[in-house]
2 protein chains.
Amino acid sequence: MARTQGITIKDVARRAGVSITAVSHALNGKGTLSAATREHIRTVADEMGYEADALARGLRRSTMGAVGLVLRSLDALGDYAPAGVDVFERFVGVAASQALARGLSVMLVPDLTRTPVPPLAFSMDGYIVTDPHLDDPVVALLEKRGIPYVTYGRVPGRPDFPHWASEDNVASARQILAHLEAGGARSVALVRGTDPNAWNLELQDTYLSWCAERGTAPRLYELAERAGVEGGVELAGRITDDGIPDAVFCLTGRHAAGVQQGLMARGVGVPERTMVVAGSDSEHARNSRPAISAVELNPVASVGALLDILQALVAGEEAHSPRLTRARLRLRGSTRR
Amino acid sequence: MARTQGITIKDVARRAGVSITAVSHALNGKGTLSAATREHIRTVADEMGYEADALARGLRRSTMGAVGLVLRSLDALGDYAPAGVDVFERFVGVAASQALARGLSVMLVPDLTRTPVPPLAFSMDGYIVTDPHLDDPVVALLEKRGIPYVTYGRVPGRPDFPHWASEDNVASARQILAHLEAGGARSVALVRGTDPNAWNLELQDTYLSWCAERGTAPRLYELAERAGVEGGVELAGRITDDGIPDAVFCLTGRHAAGVQQGLMARGVGVPERTMVVAGSDSEHARNSRPAISAVELNPVASVGALLDILQALVAGEEAHSPRLTRARLRLRGSTRR
DNA sequence: CTAGGAAGGTAAAACGTTTTATACAATCCC
DNA sequence: GGGATTGTATAAAACGTTTTACCTTCCTAG
């Protein structure tokens, strides 16, 4: 219906006085046409405002110029419209605009394994999956279907899988911990989420190693991603009951904001008595009082890397991966001493 | 490439011992097959895990089961990954999950008029355009191409165009103004954005009428959407210089947060000396001190209405539009007296 | 003078569906 | 008993591309 009044290759061919093949070849830079003919056809096509139908093209070429995007982490949150989870919201925006710059479309697929599966889902050239879980069914499905995919963050349990990119989580964690240590912190508690994704797992591992290196006992708390700020407030009670640490390192901005709020409500001064820091920046971290130091992720660089890898994969070229991007530690009041 | 190993209708036909036509008819509930054959074919198809190729289907049917989404307001912001603009981020998430529930895909198209245009863009069944501008080129393009579209918010300058839905902005504005009045406010300043979209225009009109009805002089300020919180802080200076109003009604949460911050920095107490309220809720509004009263939009209802209209349009049925949804005023500290 | 390229172009098959038109029985009606 | 009707199924066209294979014509080398 939408396409009925479109200009087809046939129209261009007729108008240019050549065959359909000639038009296709001219426009795609193939075949053995003379430069003059090629130029002529291009002119006519431009004049007529011809644009090849993506469907028909995809049918033959079986490449669509479109990639799917699955936000695993939002799926886990259940509610698909959580407020203040800006990491992924920004990721979507960046992915859309960067893909456009490369002439690709981005299709949003909430969860590829839930029915009904969107009709186009399996026609995508490839997929970007953010934060796959351990034994992620979405990854398994893509694998089974033979659809190329890249992941934002390592695939847990698959150390061999190379096609991923993300910020250097280990470096970020090290940088944060070094910063806290420089501020005089000896005991640091870690608050991680419950999703078994690379984000939670890698940062936890780094933290544990850091503790081991220093011979200090780790203090590890788990807090469901969906618990949000309120969960953090509550958790602050448990943390103080267990003895106030010199610093609390929360993996998400929402949890950090909640924990800080909870600590202060209990009379624990931040940053005087204990410091708070977030592993990923967010509105919550920025808008807290004091503002919370946090790692600002780098969606622009990460999405760029992911698209590089995915495009190579789709083209059947060798992908140059994994790739790590640089995050940046934003120092704010919550760790200023 | 991704589709090479797929099971085609031909495979199913062979296995079921019938013609291709029979399979198509059985699966789509068309034609004049006997119940027995139909059932048999369905069973075989299920067994083989057959799924019709969306491209080939789209090529014939010219309906794709996919809609495009253009976020006009984000285009206007330039940066496609602005932090803390949660209205649209939520909108995207809601649109994706609601569309999925209806068996539709959502394709994100940053700006349909910028090149390169994503290949699939013109193959979509229809479009959702959020907050179209006055003389919006995206709308013009869709119109010219004959692609069905619905808009989130009225199309400015086209009072005749019926295919839109949104929260009832007029009612929201009235509700806010009534609330301020009940709190004792006589003079209310309005801070609107600069984009010429229905949101800014309708709320402004309602405000002006309200002032006229009361015989009070309107105090209207314009602040570019992209000015964000900082812009609000600065604007607070101008507002106080012009004489402190009883309340400031900002159309966006970011501006409200900035204005409130700026007012308080100048020693103007909120809510004691003047009240602050936001036309759309956001992280900024929620996390300010005091928290800012704001209208919580209703993306779930609005997206639902938009999809209803769009589906009717695509099916060639009569659309039942426009449709207004209910927003909700969240009262917080910034207006509590 | 002719075999063999090269240069420039096209016809037709293919992609996987849906849809239109048609074929073949079996049944019915008068 | 013959034409019309009904019930079931299929062949083939169509959708708009890309790609494969082939066809001219013209030139050149032997």
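Below, chain A is the first sequence line, B the second, and so on; all start at residue 1.
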Between B:Arg60 and C:dT19, is there a side-chain N or O to OP1/OP2 distance below 4.0 Å?
no
Under a plain distance cut-off of 3.5 Å, with no hydrogens placed, do A:Thr21 and A:Ser24 share a side-chain donor-acceptor pair?
no
Respond yes when some side-chain nitrogen or oxygen of A:Thr32 is under 4.0 Å from OP1 or OP2 of C:dG9, and no when none is.
no
Give the residues of residues 19-27 of chain A touching DNA chain C, defined as any heavy atom closer than 4.0 Å, sorted by residue number.
A:Ser19, A:Thr21, A:Ala22
Taking A:Arg102 first and then A:Asp308, would you say they form a salt bridge - that is, a charged N and a carboxylate O separated by under 4.0 Å?
yes
What about B:Thr8: does its side chain form a donor-acceptor pair under 3.5 Å with the base of C:dG16?
no
Atom CZ of residue position B:Arg15 - does it have more than 12 heavy atoms of other residues, nucleotides or ligands inside 6.0 Å?
no
What's the CG-C1' distance between B:Leu59 and C:dT18, to the nearest Å?
10 Å
Are B:Arg145 and B:Phe122 in a cation-pi contact, defined as NZ or CZ under 6.0 Å from the six-membered ring centre and within 45° of the axis?
yes
Axis-to-axis angle across the helix from C:dC1-D:dG30 to C:dC30-D:dG1, five pairs each end, nearest 10 degrees, ~ 60°
For D:dT18 and A:Lys30 - does any side-chain N or O of the residue sit under 4.0 Å from the phosphate oxygens OP1/OP2?
no
Check the distance between D:dT17's P and B:Arg57's CZ and give it to me in whole angstrom.
21 Å
Is A:Arg72 salt-bridged to A:Asp111, cutoff N-O under 4.0 Å?
yes
Any carboxylate oxygen within less than 4.0 angstrom of a Lys/Arg side-chain nitrogen, looking at B:Arg323 and B:Glu167?
no
Test: B:Arg158 and B:Glu143 ion pair at under 4.0 Å:
yes
